[in-house]
Amino acid sequence: MLLGEEDCINEEGEFVINIGPQHPSTHGVLRLKVWLDGETIKKVEPHLGYIHRSIEKMSESFSYRQFIYITSRMDYLSAHMNNQACALVVEKALQVEVPARAQAIRIILCELSRLSSHILWFASAGLDLGGVTPFFYAFREREAINSIMEETCGARLTQNFMVPGGVITDLQPDFPKRIKEVLKQFKDNYHEYNEILIGNVIFQNRMMDVGVLTKEDAIALGCTGPVARASGLSCDIRKLYPYDGYEKLKFDEILVTGGDSWARCQVRMAEMLQSVNIIEQLIDNIPEGEFVAKTKNVLKLPKGEFYQRVETARGELGVYIVSDGSATPYRCKYRSPNFANLSAIPHISKGHKIGDLIAIMATIDLIIPDIDR
Amino acid sequence: MFIKEYFGTIFKSIKSLLTGMKLTGYYFIHPNKIITEEYPENRATLNLPERFRGEVIMPHDEKNEHQCTGCQSCELSCPNGSIKIITKQEIQPDGKKKKRIDTWVYHLDMCTMCGMCVEACPTTAILMGNEFEHSQYEKQYLKKVLNKPGSRLKDGVE
């Protein structure tokens with residue numbers, strides 16, 4: 001019995017149902033227990049742990065080179081950013097200077113994966129609300145980005161391209177040409193996204209005034225990323241605490257006041273263009289030189305605590321490492337953006353209809369493996 | 001006023017629906033813009049990039065010689081324990097005993113294709129291959145021995 005001890009209808013006449021863990025619109029194994037009064041949501045309770053793999057505990061038995069690859073499995077759509085956070089924390093502890101070429105490569109690949117992640121959000125948001133067609137248009141561009149990842153990093157999703165001190169290998173010679181092709185394809189097709197889904201009246205009506213998250217709540221619940229920026233909270237780590245050379249680039253932090261699902265859509269659609277803008281600034285002037293700094297074979301971090309945060313496609317990812325001076329971390333803790341963003345769902349879906357819960361989940365854009373780790 | 005607004009909304013909705021349908025209609029009458037590939041049918045023309053990580057391979061040259069010295073760097077660098085190297089002592093022509101590999105066991109079922117072993121190898125004895133169709137009916141077939149029978153270390157590789 002999935003519901004546990006309670007009956008389906010409790011004493012107060014509330015109807016208790018499960019959304020998930022196998023529901024297609026949860027994009028994974030998220031289980032939401034929903035208390036309903038008719039069709040109106042009275043309470044939502046997320047239940048976690050269906051995809052817990054104890055990545056934090058596993059990291060304690062890995063060396064500082066090995067523990068990077070497993071973070072690709074947390075937020076698999078921002079695998080580059082997760083790897084970058086781990087590489088940065090090791091570099092910070094060892095005080096390694098990352099070569100300029102490696103930094104440029106990292107930023108290009110991270111922005112590409114942010115773009116592909118937002119494209120996937122666009123595809124799945126339409127799919128959740130019943131529009132199957134946008135999915136295929138979005139996957140056309142995503143496929144092109146994935147092909148570049150395959151050519152450059154050797155894998156389409158779990159790339160494992162970042163190492164402490166730089167990147168694992170140099171770019172292939174036709175990399176700038178391929179990137180320009182993809183960016184041109186994306187910019188030519190961007191108007192189709194607006195025509196087929198964003199400009200659609202049915203989609204807009206299902207998004208507007210649904211799941212309003214105020215700025216105060218966004219701060220109180222620890223929301224970050226596009227979810228918080230849609231509420232007007234400035235929280236872009238790339239701007240506030242620049243890392244890996246983001247301070248040299250010109251880009252805008254997208255801020256929308258409104259806080260509803262429609263605002264979250266607008267933030268993501270605008271961030272796609274910002275990612276394109278960042279890549280275009282870098283692609284013609286990737287500095288020459290080394291792609292990785294020289295590090296020792298066995299990395300040993302000095303005794304102490306180290307913290308580094310990066311901006312993934314969904315918000316702020318923090319990596320906290322306690323080192324006892326040996327070759328493996330003593331304790332490793334990931335502050336994942338999706339876990340904090342999930343806590344907004346029970347708060348903002350109260351009083352809405354059950355169909356609006358799907359729209360809220362679509363715009364919060366959760367990746368379940370990142371919640372459970 | 002109300003009636004005007006009411007019909008205005010209907011008109012706007014129909015217009016936005018037609019905008020979307022115009023786009024889908026465009027692709028309906030332009031079938032050459034479709035980029036979908038039919039996977040099992042296109043096996044012959046499937047072009048995978050050189051860097052694609054599908055499995056670990058150990059290249060042998062025409063004299064059946066490999067470059068693995070048995071230093072076990074890959075075994076240490078593997079996060080999943082999918083590599084096991086069994087070494088032996090081999091008597092060289094000059095009478096000295098030297099460490100050589102006996103079997104290079106590769107557990108494909110445990111491998112996550114992270115490529116750390118290839119990165120750690122000091123003699124580039126192993127590479128990532130392009131083969132990605134690994135499905136088998138029994139788990140035991142996924143345990144592979146990479147060094148070919150009768151193979152030996154290439155001269156000059158230390």
Side-chain angles (χ1 to χ4, degrees), chain A residues 58-59 61-63 65-70 72-73 83 126 131-134 136-137 139-141 143-144 147-161 163 168-172 174 178 185 189 191-205 292 297-298 327, chain B residues 8-28 30 33-37 39 46-56 71-83 111-122 124 127-130 132:
Chain A
M58 276 160 89
S59 299
S61 61
F62 285 155
S63 77
R65 283 185 194 284
Q66 288 171 342
F67 93 114
I68 292 175
Y69 101 99
I70 200 139
S72 313
R73 271 86 178 163
N83 294 351
V132 184
T133 319
F136 298 103
Y137 292 89
F139 261 62
R140 177 185 48 191
E141 270 77 58
E143 173 62 34
S147 300
I148 288 192
M149 294 294 181
E150 202 176 12
E151 283 163 28
T152 312
C153 316
R156 293 162 69 88
L157 274 180
T158 51
Q159 290 102 349
N160 188 30
F161 200 62
V163 289
I168 206 161
T169 174
D170 209 352
L171 299 173
Q172 78 269 31
D174 66 341
R178 293 278 292 125
Q185 186 193 343
N189 291 334
H191 70 95
E192 292 183 355
Y193 290 25
N194 287 320
E195 281 168 23
I196 200 157
L197 186 70
I198 303 295
N200 191 300
V201 168
I202 302 169
F203 183 77
Q204 287 181 0
N205 285 350
V292 63
N297 254 347
V298 180
Chain B
T9 323
I10 290 178
F11 179 72
K12 243 172 74 186
S13 315
I14 291 172
K15 197 189 158 200
S16 85
L17 288 178
L18 286 178
T19 319
M21 283 174 76
K22 195 182 142 200
L23 183 68
T24 48
Y26 173 79
Y27 282 101
F28 183 70
H30 287 82
K33 289 214 167 185
I34 296 170
I35 56 153
T36 324
E37 291 175 25
Y39 156 58
L46 199 63
N47 196 9
L48 284 169
E50 200 182 316
R51 290 185 185 180
F52 177 74
R53 298 198 296 260
E55 60 171 348
V56 178
C71 69
Q72 291 172 328
S73 298
C74 47
E75 193 179 336
L76 286 170
S77 74
C78 182
N80 317 301
S82 47
I83 298 171
C111 183
T112 57
M113 321 297 166
C114 62
M116 308 257 289
C117 48
V118 178
E119 201 54 31
C121 185
T124 51
L127 297 170
M128 294 305 281
N130 270 353
F132 64 95

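A, B, ... follow the sequence lines: proteins, then strands. Residue 1 opens every chain.
- Options B/Cys78, B/Ser73, B/Ser16, B/Ala120 differ in how many heavy-atom pairs under 4.5 Å they form with chain A, and the most are formed by B/Ser16.
- Listed options A/Leu197, A/Ile168, A/Thr133, A/Thr169 were ranked by heavy-atom pairs under 4.5 angstrom with chain B; first place goes to A/Ile168.
- Taking 4.5 Å as the limit, some side-chain heavy atom of A/Arg156 sits within range of a side-chain heavy atom of A/Glu143.
- When B/Gly115, B/Gly54, B/Ser13 are compared by the number of non-hydrogen pairs under 4.5 Å with chain A, B/Ser13 comes out ahead.
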Report task. Take B/Met116 and A/Asn160 through the test side chain to side chain contact (heavy atoms under 4.5 Å, CB included) and record every step on the way to the result. Result -> CA-CA 9 Å; B/Met116 308 257 289; A/Asn160 188 30; 3.9 Å; yes
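- Proximity to chain A (any heavy atom under 4.5 Å) is shown, for B/Thr9, by neither the backbone nor the side chain.
- Contacts with chain B were tallied for A/Gln204, A/Arg73, A/Met58; A/Arg73 has the most, counting heavy-atom pairs under 4.5 Å.
- Per-residue heavy-atom pair counts under 4.5 Å with chain B were compared for A/Ile202, A/Asn194, A/Leu171, and the maximum is reached by A/Leu171.
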Report task. List the steps, then state whether side chain to side chain contact (heavy atoms under 4.5 Å, CB included) holds for A/Arg140 with A/Gln185. Result -> CA-CA 10 Å; A/Arg140 177 185 48 191; A/Gln185 186 193 343; 3.7 Å; yes
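- Taking the six-membered ring for Trp and thresholds of 30 and 60 degrees, B/Phe132 and B/Tyr39 have ring planes inclined between 30 and 60 degrees apart.
- In A/Asn297, the CG atom is not crowded: 12 or fewer heavy atoms of neighbouring residues, nucleotides or ligands sit closer than 6.0 Å.
- Looking at B/Leu48, only its side chain comes within 4.5 Å of chain A, counting heavy atoms on both sides.
- Annotation: A/Phe136 is not in aromatic contact with B/Tyr27 [ring centroid separation under 6.0 Å not met].
- Only the side chain of A/Tyr137 comes within less than 4.5 Å of a heavy atom of chain B; its backbone N, CA, C and O stay farther away.
- Defined by atom type and a distance below 3.5 Å, a donor-acceptor pair is present between the side-chain atoms of A/Glu141 and A/Tyr193.
- Taking A/Gly154, A/Ala155, A/Ser147 one by one and counting their heavy-atom pairs under 4.5 Å with chain B, the maximum is reached by A/Gly154.
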